[in-house]
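Computed from a predicted structure; not experimentally measured. The figures that follow rest on heavy atoms only: side chains count, while hydrogens, waters and symmetry mates do not.
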Amino acid sequence: MTTNGEELNARVRAMWSAVDYNPIATRETLVSELLVRHAEVHAGERVLDVASGTGNTALAAARRDAVVTASDLVPANLERAASRAEVEGLRLRFEVGDAQDLPFEDASFDVVLSTFGAMYAPDHQRAADELLRVCRAGGRIGLVSWTPDGMAGVIQANNVANLPVPPLAGPPPSQWGTERHCRELFGARVSALAAVVRSHEFCAPSARAQAEFFRDHLPPLHAIYQTLTEETREQLLGRLTGVFERFNQATDGTLVAPSDYLEMIATVK
């Protein structure tokens, strides 16, 4: 007999396996490179990338000669991460795992990272507790999360009510993109916590092209799209195009739309 949590995880796996997310991930590699630099990942350190997706942050840490484990709920994501590592000649370990129930012993890692990943765990406190549990005393936790008011946060807020997966209890994922929420989750269990808002640029031939790109490669949006009629599909794409146009800074008809994210680095007591 499966639990509600197991059923939800199975549905999430199916959703994220239905389309190829990697074209979106590869456009966000700079975010991961900046995170591993600011988290001061050194050669030989044991690094865990939680909710790794197709491996952006795990690969960035491996390029610094760390001993890296990539963990994700979706096996298909890890398979793509493994193929990317092979192309680059990088060595990584891969482990299927839930950010709320990581399959690792206490204090197993020197550095625990997550880029637009752990923020999507339904139970924020449980996810934070797991990040702390698997990181050694004196180790670092580095997280990247979309801010509530940034472009990605706005898109997520527009999409969440239409997801064909049961609504998640608790605060929205973008709450991880506020320093206050992070401090509440980690509390006195960290000796230092530094947070800075940075920006990632989404670039495309046009706002409409970016909306269609997300439709084809962003699993939650693709899942919503499949449930709609032709008329409501066009309405969804129109609303999404409007969000991209609102944030667009290009003046030549193309899209250069910044989306703010919070980069947080904490030291575990």
Side-chain angles (χ1 to χ4, degrees), residues 3-6 8-9 12 31-32 34-36 38-41 45-53 56-58 61 68-74 77 95-150 152-153 156-157 160 167-198 260-269:
T3 66
N4 290 338
E6 290 170 344
L8 177 58
N9 282 350
V12 170
V31 175
S32 294
L34 291 173
L35 176 63
V36 298
H38 298 144
E40 299 183 356
V41 172
E45 286 193 307
R46 301 165 299 165
V47 176
L48 173 64
D49 182 15
V50 176
S52 182
N56 275 3
T57 298
V68 182
T69 299
S71 179
D72 196 86
L73 186 64
V74 182
N77 283 343
E95 188 79 39
V96 175
D98 185 345
Q100 300 172 130
D101 188 19
L102 293 170
F104 307 106
E105 298 294 328
D106 295 357
S108 295
F109 299 96
D110 303 301
V111 185
V112 177
L113 305 172
S114 187
T115 303
F116 308 130
M119 65 179 289
Y120 294 107
D123 188 329
H124 292 198
Q125 189 60 66
R126 184 174 170 186
D129 292 346
E130 281 293 276
L131 297 174
L132 287 161
R133 181 184 65 79
V134 300
C135 190
R136 68 166 175 84
R140 289 96 68 205
I141 295 174
L143 303 177
V144 165
S145 310
W146 298 116
T147 64
D149 298 328
Q156 289 170 1
V160 69
L168 303 181
S174 60
Q175 283 300 299
W176 278 96
T178 67
E179 181 176 347
R180 177 178 179 179
H181 190 60
C182 292
R183 289 188 179 278
E184 290 173 349
L185 292 172
F186 293 114
R189 294 175 292 176
V190 297
S191 59
L193 188 152
V196 60
V197 174
R198 304 191 190 280
D260 287 349
Y261 67 87
L262 188 79
E263 180 188 86
M264 185 225 75
I265 298 172
T267 302
V268 179
K269 280 188 178 178

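Atoms CG and NE2, on L185 and H124 in that order, are 7.5 Å from each other to the nearest 0.5 Å. In this structure, CG in L193 is found 9.0 Å from CD1 in I141, a value given to the nearest 0.5 Å. Distance check, rounded to the nearest 0.5 Å: CG of D129 to CZ of R126 gives 9.5 Å. Distance check, rounded to the nearest 0.5 Å: CD of E40 to CD of E45 gives 9.0 Å. D260 CG to D149 CG: the interatomic distance, rounded to the nearest 0.5 Å, is 9.0 Å. Considering CZ of F109 and CZ of R133, their distance stands at 9.5 Å, rounded to 0.5 Å.
Scanning all heavy atoms of the two residues, the minimum distance from T147 to G177 falls at CG2-O, 3.5 Å. Smallest separation of non-hydrogen atoms from A99 and A121: CB-CB, 4.4 Å. Of all heavy-atom pairs spanning C182 and M264, the tightest one is CB-SD, 3.7 Å. Shown here for A58 and S52, the closest heavy-atom pair between the two residues is CB-OG, 4.0 Å. Residues W176 and A127 come closest through the heavy atom pair CZ2-CB, 4.3 Å. Scanning both residues, L73 and V96, for their nearest heavy atoms gives O-CG1, 3.9 Å.
Taking the side chain as every heavy atom from C-beta outward, S174 and Q156 approach each other to under 4.5 Å. Contact check for S108 versus L102: no side-chain heavy atoms found under the 4.5 Å cut-off. V190 has its side chain out of reach of T267: every pair of non-hydrogen atoms, C-beta onward, lies at least 4.5 Å apart. Contact annotation: the side chain of E130 never approaches that of D98 to less than 4.5 Å [non-hydrogen atoms, C-beta and beyond]. Residues P148 and Q175 have side chains in contact (heavy-atom distance under 4.5 Å, counting atoms from C-beta outward). Proximity of L35 to E263: side-chain heavy atoms (C-beta onward) are separated by under 4.5 Å at one or more points. Using a 4.5 Å cut-off on side-chain heavy atoms (C-beta onward), E179 and V197 make no contact. Using a 4.5 Å heavy-atom cutoff, the side chains of L262 and T178 are not in contact.
A side-chain donor-acceptor contact under 3.5 Å links Q100 to the backbone of D123. Of the possible polar contacts, none joining the R189 side chain to the L132 backbone as a donor-acceptor pair under 3.5 Å is found. Counting only distance, with no hydrogens or angles, the side chain of T57 and the backbone of S114 share no donor-acceptor pair below 3.5 Å. The backbone N or O of T69 lies less than 3.5 Å from no partner atom in the side chain of R46, so there is not a single donor-acceptor pair. At distances below 3.5 Å, at least one donor-acceptor pair connects side-chain atoms of D72 with backbone N or O atoms of G53. In terms of modelled atom types and a separation under 3.5 Å, the side chain of R198 and the main chain of V31 share no donor-acceptor contact.
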query: Going through the distances and angles, do E184 and R180 end up as a salt bridge (charged side-chain N to carboxylate O under 4.0 Å, His left out)?
result: CA-CA 6 Å; E184 290 173 349; R180 177 178 179 179; 3.3 Å; yes
- request: Evaluate the side chain to side chain contact (heavy atoms under 4.5 Å, CB included) criterion for residues L143 and L131: first the C-alpha distance (whole Å), next the side-chain angles of each, then the deciding distance (0.1 Å), finally the verdict.
  value: CA-CA 10 Å; L143 303 177; L131 297 174; 3.9 Å; yes
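Residues satisfying the side chain to side chain contact (heavy atoms under 4.5 Å, CB included) criterion with N56, sequence neighbours excluded, are A25, E28, T29, S32, R84.
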